[in-house]
Enquirer: 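Take this structure, written in structure tokens, and hold onto it; I'll ask about it next.
Computation of the quantities below employed the complete heavy-atom set of this structure, encompassing side-chain atoms and omitting hydrogens, waters and symmetry-equivalent molecules. In what follows, chains carry the letters A, B, and so on, assigned in the order in which the sequence lines appear, proteins first and then strands, with residues in each chain numbered from 1.
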Amino acid sequence: MALLDTNLIRQDFPILGRTVRNGKKLVYLDNAATSQKPIVVLDAERNFYLNHNAAAHRGAHLLAEEATDAFEGARAIVADFISAQSSEIIFTKSATESINVVSYGFSNHLSKHDPFYIGAEHNIVVTQLEHHANLLPWQQLAKRSGAKLSWLGITADAQIDISNIDSVINDKTKIVAITHQSNVSGAITQLEPIVKRAREVGAMILLDACQSVPHMPVDVNKLNVDFLTYSGHKAVGPTGVGVLWGRSELLEKMEPMITGGSMIDSATIESATWAKAPKKFEAGVPNMAQAVGLGAALNYLTKIGMEKIHQHEELLTERALKGLQDISGVEIIGSKSSLNRGSAISFTLEGVHPHDVGQVLDDYGIAVRTGHHCAWPLMQELKLNATTRASFYLYNTPEEVDIFLDGVREVKKFFKV
Amino acid sequence: MALLDTNLIRQDFPILGRTVRNGKKLVYLDNAATSQKPIVVLDAERNFYLNHNAAAHRGAHLLAEEATDAFEGARAIVADFISAQSSEIIFTKSATESINVVSYGFSNHLSKHDPFYIGAEHNIVVTQLEHHANLLPWQQLAKRSGAKLSWLGITADAQIDISNIDSVINDKTKIVAITHQSNVSGAITQLEPIVKRAREVGAMILLDACQSVPHMPVDVNKLNVDFLTYSGHKAVGPTGVGVLWGRSELLEKMEPMITGGSMIDSATIESATWAKAPKKFEAGVPNMAQAVGLGAALNYLTKIGMEKIHQHEELLTERALKGLQDISGVEIIGSKSSLNRGSAISFTLEGVHPHDVGQVLDDYGIAVRTGHHCAWPLMQELKLNATTRASFYLYNTPEEVDIFLDGVREVKKFFKV
Amino acid sequence: MSLESLYQEIILDHYKRPKNKVLQDKYSVEVHHNNPSCGDEITLRVQVENQIVTQLSWDGVGCSISQASSSVMSELAQGIPVEKALELEVSFLELMQGKGQVEADEEELEDAVAFSGVARYPARVKCALLGWMALKDALLRAGGSK
Amino acid sequence: MSLESLYQEIILDHYKRPKNKVLQDKYSVEVHHNNPSCGDEITLRVQVENQIVTQLSWDGVGCSISQASSSVMSELAQGIPVEKALELEVSFLELMQGKGQVEADEEELEDAVAFSGVARYPARVKCALLGWMALKDALLRAGGSK
Ligand SMILES: Cc1ncc(COP(=O)(O)O)c(C=O)c1O
Ligand SMILES: Cc1ncc(COP(=O)(O)O)c(C=O)c1O
């Protein structure tokens, strides 16, 4: 295991050279919320606009051809990145939209033989540590369809508890929607037993890969899930673009959430039929520049190497976990070892509210996230109102980890705890 | 009426200096599909990423504050542009998404006293010249709810026919979804009688302003509609951002289509309650950079002046309409006068298929659109399979109109008609 | 801006020793407010008699700013006419939304001027307002007009 | 690339005087295909006897490329074994998707090599393929294996 050459990498991210709050060097540790972007991504978007901008798939003219090539070229990169087929990649605006798309794919209006038919006799399985994005759409589906919402709980170290998996995931289960890595505890989900059980009962599986795809190698062929999603903006890509990957057989049968232009096979004033995936799910002039930017982002990550990025983060995480444990009053949520763990580290500090921790860190130039991290049910289970969260990415350094640890000590001094 | 100083304006759009197809000067006349972007828009996005990028509304740190300011600042610009309140502006990914959001706001699961309750006893009114984006979502709502889909037809010159308005819009009508300007015939809708009738029967009105807001001054207070939408990419803004404006009273009562993070008031594993608009409708990390880019785009248009842009286009349209009528075999769809008409001009050329017209024009560097323009029902009504469409914007010149007219003559020569 | 101007001694004192933070049984209105972006919560009880706020008690969880602000509010708004309390809320709101450009009226806002520094941290403004928003809501429900 | 290399004489000829463009009553399979992005349509009828395409007729609307390509296809695929017709479709598809880099086999594709220029215009490839896609569909339904 080795660290990345962050001196070189940081040159690609000019914002990291910024100062904040009276000239403090920015230490950006809010990567689980959103990542910074390398110049190549901004250049790719700009190049698209300056040279090839036109409505993809819609014109017989040269610019439209070039825009189509750029857009479909980006789709091929996105597919390659997770070893998938281009026809299985749908561009959405965000992971949040992606998950909603799948949740609307299910309906109790379908024939009972349709794989997406759901009714009161069925259940939907989530977990207690899901981000609201992978919880609320399923609550809504349960409400619409009459199906029951069930969930796997958590273990003492904030991992998914699979002890009662055979009763929670049962032959009534239509879909298991589960995170690949918690944005709060950083826990990497041990998928095998969950996938195995879901397959046994014939349930579909959606994987929320928002915190995994940007940080480690992911191959959809090895995961044996049915849907996978993440957001571009957390993977050094632009805002306004998300990815939904789905198995062809299922995409073919799934109804679209959004209807409109360029997703039809035929249309009259009274009814319409759908084009094949991915078009069926991409109504309207698409987010072309953002897709192109995401393509550049993934190429950038690939060039550095996803395995190396993962190892780099593991080293930073280990350093931070060790350092935090040396500070009295700090309580880490979840695993204290960097094994099977992403770089999101949530913690509490006795006697100081997380907001106040974050505020003092901010004064030292350290950007962290505080609050419930859109995982309120997990907080409720942990009997917490909020935590402070630091999360690392390829451009962070051991020195920044140390500045962060010093910052936490300063918080204690400031609040005299 | 006067033309804009296009020499100056074109300097802001470097792509217009491009050559295509063996060194031909690009003549971009596909503006109804998507517009080109001025440098200030690209710079605004880039500046956001390079200096302020962080998850808006989500962090206690300085970058998150700045990102929030930039995002909410953009919302204020978008609101001002149509004389609306910020709290009534929802950022979506596109007009297509916006219309779907409203269509999902209606539901037969609501209490019968809810303004968004819809059932088999109701009807939904569209028109025969709607873009698929303002038709298919309503077809789907009709299917989901059992409500009837009705429509206003078209007159001989491809305007909305209001002769039978009192029977089509009746006391069963929940919503009238109507375009402000046709993307095929360029017809500007005479709203007053339609709005008056809708108000009489208590129906809501959604206005598809994709082809109007980018091209002429629009003030929501004067329109007396309930929802209005357009896409940023057609208004010299970035791809991946759309606007939905809605009346506060209605937004308050409307259910969201997409659920997830940052749109809740409270959440448990079993259920959630919503935040107020606009947050309720903006689940997930938003398309911040695109919103900021749209803000810069609208500021750019405002500086030039929407009234002036409209007049400029009228002059170009007049020139093109006149010129086309002088070419034998050309048939213009809709009005042949530039009065009450936008700049989208669709036409057919006897003996040459629109694709072939477009292909030859493309060879001369002229980018137009061919096909059904996502308005298949209108084509069916006109008994056409396709048309060729030229559409102008603030940066187009009378000389370009002439090149286009010459191009059409070349088409005739090439195909010997 | 320094941290010290945000976290003035008076704020840290109220945070450590909040006033009126025991819910009283006597009340005309109880409201519950929360801050969905951070999870802070407050339950506020007001007793209104003859248009006077005769008693005010609260409980809640949250950061130093939200807790101290609720504590200060509970002192200021107690024993005064409902209309006066609503005016106080307006003044405090103006101060908070002033981005640091609004001068605080020390005569009127007393201890609450200690929160002037919060106005420079937009993300913390809603913390300082949590208790005051609950107050406004409670008083309007109790019959105050505004 | 010049317009002339896209619109070769042979294409314009077939466009003006399309072959087999009258639907015949005798057929084993009829298919209807369209191109949703431009509205072009084709109805194709094939008669298959003893694994031979004995008759092939079509009707449709569309641009010169789609009409001429369907016309050429209707001549080439007539009177030959189903397997041979399916092989032709594969070769033509390869040519079209070759972005102008694939050399056409004139021996095999005969008049259809005139469409080589189309491969350089990605937006027109689907026009040239409309009739061929219908052919493939029809033959597979008629029992051809692939
Ligand atoms: C009249 C009209 N409505 C709706 C749309 C859909 O806009 P978008 O594809 O940007 O969502 C368009 C453009 O494509 C349009 O011209
Ligand atoms: C685990 C997880 N799932 C889903 C999301 C939602 O992503 P977005 O807000 O980009 O749609 C996030 C991030 O916010 C996340 O961390």
Enquirer: Going by atom types only, do Gln47(C) and Thr54(C) share a side-chain donor-acceptor pair under 3.5 Å?
Expert: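 No, Thr54(C) and Gln47(C) have no side-chain donor paired with an acceptor closer than 3.5 Å.
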Enquirer: Is there a side-chain contact between Val46(C) and Tyr27(C) in this structure, where contact means two heavy atoms from C-beta onward sitting under 4.5 Å apart?
Expert: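 The answer is no, as the side chains (C-beta and beyond) never meet within the 4.5 Å cut-off.
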Enquirer: Under 3.5 Å, side-chain donor or acceptor atoms of residues 72-81 of chain C against the rest of the protein: list the pairs with distances, not counting sequence neighbours.
Expert:
residue: Ser74(C); atom: OG; partner: Lys19(C); partner atom: O; Å: 3.2
residue: Ser74(C); atom: OG; partner: Asn20(C); partner atom: ND2; Å: 2.8
residue: Ser74(C); atom: OG; partner: Ser71(C); partner atom: O; Å: 2.6
residue: Gln78(C); atom: OE1; partner: Leu56(C); partner atom: N; Å: 2.7
residue: Gln78(C); atom: NE2; partner: Ser74(C); partner atom: O; Å: 3.1

Enquirer: Here's a test: name every donor-acceptor pair under 3.5 Å between chain C and chain B, with the distance for each.
Expert:
residue: Asn34(C); atom: ND2; partner: Asp265(B); partner atom: O; Å: 3.1

Enquirer: Please verify the inter-ring angle class for Phe92(C) with Phe115(C); under 30° counts as parallel, over 60° as perpendicular, anything in between as tilted.
Expert: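 Rings of Phe92(C) and Phe115(C): perpendicular, over 60°.
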Enquirer: If you take all heavy atoms of Met263(B) and Gly260(B), which pair is closest and at what distance?
Expert: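 Looking at all heavy atoms of both residues, the closest pair is CG-O, 3.4 Å.
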Enquirer: Is there side-chain contact between Arg45(C) and Asp25(C), with at least one heavy-atom pair below 4.5 Å?
Expert: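 SC-SC contact between Arg45(C) and Asp25(C) confirmed.
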